[in-house]
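All remarks here apply to the structure that follows.
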Amino acid sequence: MKKTIALGVSLVLTVMSLAAGGGKQATPENVVNIAGSGAPSPYQWVETNGQLAGYDVEVSNEIAKRAGLVLKWEATEFPALFLGLDSNKYQAVTNNLSKTEARAAKYLYSDNYYIRNKIVIVLRKGRTDIKTIDDLVGKSVPISSTGNTHSLYLEAYNKEHPNATINLVVSEAQATEQINGVATGQYDAGVTDLIIVNEVIKAAGAEFTIVELPDELQEAIAPTKSYFLFSQSSKALQEKWDAALATLISDGTLKDLSIKYFGYDYSR
């Protein structure tokens, strides 16, 4: 996943979403156990009543309505998403997940992606000394403790350049909090999704210098397209899910949901 946040060991919240099945009666054939980590917002979050909400969740619920499915949601820590797929505790997970070779070898991806992002370097407003990844050498940059794709790329960069490394600071904080740390001077820079930067700007009024990277470098850091992930035994579900997702794309619903949650069309 591009962005991963631990919710705490005690947070395992489950809710049956009958509305997601368009009023369908729950039967063993149409119930889908699905999970997310509940972070970062606006991809997803946990409401005060314990229910998952956000873009990932509403898109999934719309798909379920069209496919005649009933979603049984659970919020859990990011690593547990994959453990749940391994054990078939979950048949599907959603957490802004990009494609990786390791995941593709173990799980099924949706054919269609449901969001496309941009990877940027974010700096404190007015800073002009950093224009490329190489300029991050010697600078402090936060990375996720759970090993998201951005973090893995930066760690690999340091292994490839042992004499000119980036000062990577492992952080347990949410992605938005890490970017806030750039605004306050805690870190020199961040490598993250433009969506996350825009969320910090909206929530805190922070100002940044944003360095856009070439498309090929963005894809090298973290694939910009995000997909749903399914257990290997859920091929029929994956096909049904993809067919419904295709209708959300073609009729503009996915675009509308992107604008609702992000203020911009990231659907394509």
Side-chain angles (χ1 to χ4, degrees), residues 1-7 37 39-40 43 77-83 95-107 109 115-200 206 208-227 229:
M1 177 198 145
K2 297 176 181 174
K3 277 75 42 200
T4 60
I5 305 299
L7 296 181
S37 74
Y43 298 102
E77 295 185 4
F78 183 76
L81 298 177
F82 305 99
L83 294 175
N95 220 115
N96 189 32
L97 296 168
S98 59
K99 279 188 179 180
T100 68
E101 291 184 6
R103 291 173 187 166
K106 294 186 67 176
Y107 312 110
Y109 277 99
I115 192 168
R116 187 173 189 172
N117 207 343
K118 284 188 175 183
I119 311 301
V120 298
I121 298 174
V122 58
L123 312 167
R124 197 168 185 175
K125 183 69 174 178
R127 190 160 184 172
T128 60
D129 60 320
I130 297 174
K131 306 224 180 258
T132 68
I133 295 295
D134 291 338
D135 293 335
L136 295 175
V137 169
K139 308 297 193 301
S140 59
V141 177
I143 60 172
S144 169
S145 62
T146 52
N148 63 18
T149 47
H150 306 73
S151 303
L152 294 174
Y153 174 87
L154 294 172
E155 289 173 338
Y157 180 95
N158 276 357
K159 288 180 181 179
E160 294 171 4
H161 303 82
N163 298 319
T165 60
I166 303 167
N167 178 21
L168 301 178
V169 183
V170 178
S171 173
E172 300 284 346
Q174 293 191 10
T176 51
E177 295 172 358
Q178 293 178 22
I179 300 309
N180 264 323
V182 175
T184 62
Q186 180 181 0
Y187 307 113
D188 290 305
V191 178
T192 191
D193 293 350
L194 181 59
I195 288 174
I196 297 297
V197 179
N198 286 336
E199 284 304 300
V200 175
F208 299 101
T209 293
I210 297 172
V211 178
E212 294 197 12
L213 301 170
D215 289 346
E216 62 273 17
L217 179 55
Q218 290 186 52
E219 290 296 326
I221 294 172
T224 57
K225 299 173 183 176
S226 296
Y227 300 79
L229 206 57

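Under the 30°/60° scheme for interplanar angles, the aromatic rings of Tyr107 and Phe82 are found to be tilted.
Here the shortest heavy-atom pairing between Arg103 and Phe78 reads NH2-CZ, 3.9 Å. In terms of heavy atoms, Thr176 sits closest to Val200 at O-CG2, 3.5 Å. The minimum heavy-atom distance between Gln178 and Ser144, with the atom names listed, is NE2-CA, 4.2 Å. His150 and Thr192 make their closest contact through CD2-CA, 3.8 Å (heavy atoms, listed as atom of the first residue, atom of the second, distance). Contact detail for Ala189 and Val182: the closest heavy-atom pair is C-CG2, 3.7 Å. Of all the heavy atoms in Gly190 and Val141, the pair that sits closest is CA-CG1, 4.3 Å.
Annotation: the span from Gln218 atom CD to Leu194 atom CG amounts to 9.0 Å, rounded to 0.5 Å. In this structure, Ile133 CD1 and Ile221 CD1 are separated by 4.0 Å, a value rounded to the nearest 0.5 Å. Note that the OG atom of Ser226 and the OH atom of Tyr43 stand 6.5 Å from one another [nearest 0.5 Å]. With rounding to the nearest 0.5 Å, the separation of CD in Glu199 from CG in Asn180 is 11.5 Å. Note: Ser98 OG to Ile115 CD1 = 12.0 Å, rounded to the nearest 0.5 Å. The distance from atom CD1 of Ile119 to atom CG of Asp215, rounded to the nearest 0.5 Å, is 11.0 Å.
Taking 4.5 Å as the limit, every side-chain heavy atom of Tyr153 sits out of range of all side-chain heavy atoms of Val191. Contact of the Thr209 side chain with the Thr128 side chain is not registered, since no non-hydrogen atoms from C-beta on lie closer than 4.5 Å. You'll find the side chain of Tyr187 reaches within 4.5 Å of the side chain of Ser171, heavy atoms only.
A donor-acceptor contact closer than 3.5 angstrom is absent between the side chains of Thr224 and Asn117.
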Report all side-chain donor-acceptor pairs from residues 160-170 shorter than 3.5 Å, counting only partners two or more places apart or in another chain.
{"residue": "His161", "atom": "ND1", "partner": "Tyr157", "partner atom": "O", "Å": "2.8"}

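Without hydrogens or angle criteria, Asp188 side chain to Leu123 main chain gives no donor-acceptor distance under 3.5 Å. The backbone N or O of Ser145 sits nowhere less than 3.5 Å from a side-chain atom of Glu172 that would complete a donor-acceptor pair. Between the side chain of Asp135 and the backbone N or O of Thr132 there is at least one donor-acceptor pair closer than 3.5 Å.
Counting non-hydrogen atoms of neighbouring residues, nucleotides and ligands closer than 6.0 angstrom, the CD atom of Glu219 exceeds 12 such neighbours. Lys118 NZ: 12 or fewer foreign heavy atoms inside a 6.0 Å radius.
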